[in-house]
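Below: one structure, written as structure tokens.
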Amino acid sequence: MDAEASAPLRRREMAAAASGASRCRLSKMGSGRRPPPARVRVAVRLRPFVEGAAGASEPPCVRGLDSCSLEVANWRNYQETLKYQFDAFYGERSSQQDIYAGSVQPILRHLLEGQNASVLAYGPTGAGKTHTMLGSPEQPGVIPRALMDLLQLTREEGAEGRPWDLSVTMSYLEIYQEKVLDLLDPASGDLVIREDYRGNILIPGLTQKPITSFADFERHFLPASGNRTVGATRLNQRSSRSHAVLLVKVDQRERLAPFRQREGKLYLIDLAGSEDNRRTGNQGLRLKESGAINTSLFVLGKVVDALNKGLPRVPYRDSKLTRLLQDSLGGSAHSILIANIAPERRFYLDTVSALNFAARSKEVINRPFTNESLQPHALAPVKLSQKELLGPSEAKKARSSEEEEIESPEPTAAPAPASQKLSPLQKLSNMDPAMLERLLNLDQLLGSQGCQGTSLLSTPRRERMELIKTVEQKDLEIERLKMKQKELEAKMMSQEALHPKGKENCTLTMLRPLPGRTVTVAKPLKKAVVMPLQLLQEQAASPNATIHILKKGRKRKLEAPASQPDQGEDCWDLELSPELLALGRQKILDLLNKGSARDLRGLQRIGQKKAQLIVGWRELHGPFSQVEDLERVEGMSAKQVETFLKANLLSLLAGQRCAPR
């Protein structure tokens, strides 16, 4: 039993590693250790009976056992029950504060650590998902409570004297019929979902609004909520026809060295409910919307099943919703799933389906990591390559201004105006803009308090001296090379004055056009003879042996020496000794008489068909007496036989050529 219980756990860990391997490798935690796993936490909320609805007097089909488990009547046998256990269960008397404080509030602290978190509201239509996420002015839901606490945390952590400077931005979108629409800017149209080189999911062109207080959040969120697509059905007068996603991003910048940066994202997702069109009575546009909603939720179930089974491919890309939830399910976020169910018996099948999905989602494993990066030191000196990119006049002006600044003693220097105090600092183009802005603000603060100069904020004097010394060494090297060039030119001019004839000959030689594709040799080779290797070695042993070698290649025109008269065009000529020619013909004849079809295919101009014809003719008429008997074979003309003979003679004799001495 232990082995059977550990097998699903191993499969789930393998699935989590396969789906989030790229994001885990890109972790900026500063160590090579694998991020620890974090299972998706699931909470179930049972809404109360709807007042005035049919069947409100019936007993509920769901009953809570304790704070973590519940039971549902078995529709096949009502005397039996199906029991489920989750991380938390909230009955019909639970308040909005109970759900938020028990499941959502603990994950907000992870955002300040540079990690991602997500909250998903799942369930059938009419189960109370939107009420759980938004709530009402009297009973705020998860979204307003989370934003209020998150903004309070950022104000406390970003206060003066704390090491981090925090900023919060928000984006709001909906997925309507597989289209990603920006609710803060409805005119932007359908947006695309991308993945950056770090493996993070992003949406280019999505509006981001900075918020510093809850009033800022309400000013942007309330009008955007009115842009969300809703419609009336038989089960719900304001049924959500799209999946709504509120993205809150927390950026942190360290105020002191090493100037780290962190980024945490919070996804607050209100999913549209699955619908049974026979009960909702959807037609026309509502039927099309319901089909898109059910399809995306079906793909969501496939993703959860693939993660639990450890399949090599997780179908994130089959739907815009699952593509956006790639970090939340099997990715790098702390995820909370709030499954909303209804107590009425008419919702029995939807309730069981939602509970089964929640039970499968509880087995999904994520691997959150801290998204942290290091920024270069804000006071790093200007690189030399950047100064070299300036023009000569600009570089000279920059050097002269720095020399004047060094020559003038700093203690006796007159206090510069506030606009010119940070002139060396403003030259650092590679500095982060936010860091430069903070340094300028600090300079103004010191100036207002009576500080005389900000030498510590400018480029350090020692580094400036080293930089100027390097530039001077380069200038000296250039001057030395120029002087050497002038000396060489003067030496050449003196030689030309002493030897004017040599100058003319040199000029004529330099102006003479080069002959195209010619080779100048003292003794041009007239002919080359191909001989057997043994005979060639015997000739090479003699002291007065002269060996001419034939090299494979195009014919080359030989330029005759000036002392010999022009005798026309000299080219390579090919001469074969009769013994060598007879030897080659005998080899071909032996191969025709004794070789198999496979051996014959090794000859030039002989393919599979001709090889079979030669073997068949040989079996019928006996061996070939000479190579020319090939003309009797079907498909071999006299011209083809001649071409065959020339090609194979050269190929057979090529191995007997001698390499150059």
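Starting from 1, each residue takes its place in the sequence as its number.
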Exercise. Salt-bridged, Arg45 to Asp98, with N to O below 4.0 Å?
Worked result: no
For this session: Please determine if Arg109 and Glu157 form a salt bridge, counting it only when a charged side-chain N lies under 4.0 Å from a carboxylate O.
Result: yes
For this session: Would you check, one step at a time, whether the test side-chain contact (heavy atoms from CB on, under 4.5 Å) holds for Met170 with Leu147?
Result: CA-CA 10 Å; Met170 63 166 287; Leu147 264 297; 5.9 Å; no
Exercise. Which heavy atom in Asn340 sits nearest to a heavy atom in Ala127, and how many Å separate them?
Worked result: O-CB, 3.4 Å
Problem set entry | Distance-only donor-acceptor check, side chains Gln97 and Arg145, under 3.5 Å | yes
Problem set entry | Residue pair Tyr90 / Ser103, side-chain donor-acceptor N/O under 3.5 Å | yes
Exercise. Can you say whether the rings of Phe217 and Phe214 are parallel (under 30°), tilted (30 to 60°) or perpendicular (over 60°)?
Worked result: tilted
Exercise. Mind checking what makes ring pair (Phe, Tyr, Trp, His ring centres under 6.0 Å) contact with Phe86, not counting sequence neighbours?
Worked result: none
For this session: First locate atom CD1 of Ile99, then atom OG1 of Thr132, and finally report the distance between them rounded to the nearest 0.5 Å.
Result: 5.0 Å
For this session: Measure the spacing between CD1 of Ile336 and CZ of Arg41 and express it to the nearest 0.5 Å.
Result: 5.5 Å
Problem set entry | Pair listing, salt bridge (Lys or Arg N to Asp or Glu O under 4.0 Å) test, anchored in residues 203-220, at least two apart | Asp216-Arg219
Seminar exercise, completed: Exactly one of Val42, Leu297, Val304 clears side chain to side chain contact (heavy atoms under 4.5 Å, CB included) with Phe357, and that residue is Val304
For this session: To the nearest 0.5 Å, tell me how far Lys249 NZ sits from Asn116 CG.
Result: 10.0 Å
For this session: Count the heavy atoms belonging to other residues, nucleotides or ligands that lie under 6.0 Å from CZ of Arg155, then report whether that count exceeds 12.
Result: yes
For this session: Would you give the length of the straight line joining atom NE2 of His334 to atom OG of Ser118, rounded to the nearest 0.5 angstrom?
Result: 10.0 Å
Exercise. Just checking, any donor-acceptor pair under 3.5 angstrom between side chains of Asn227 and Tyr172?
Worked result: no
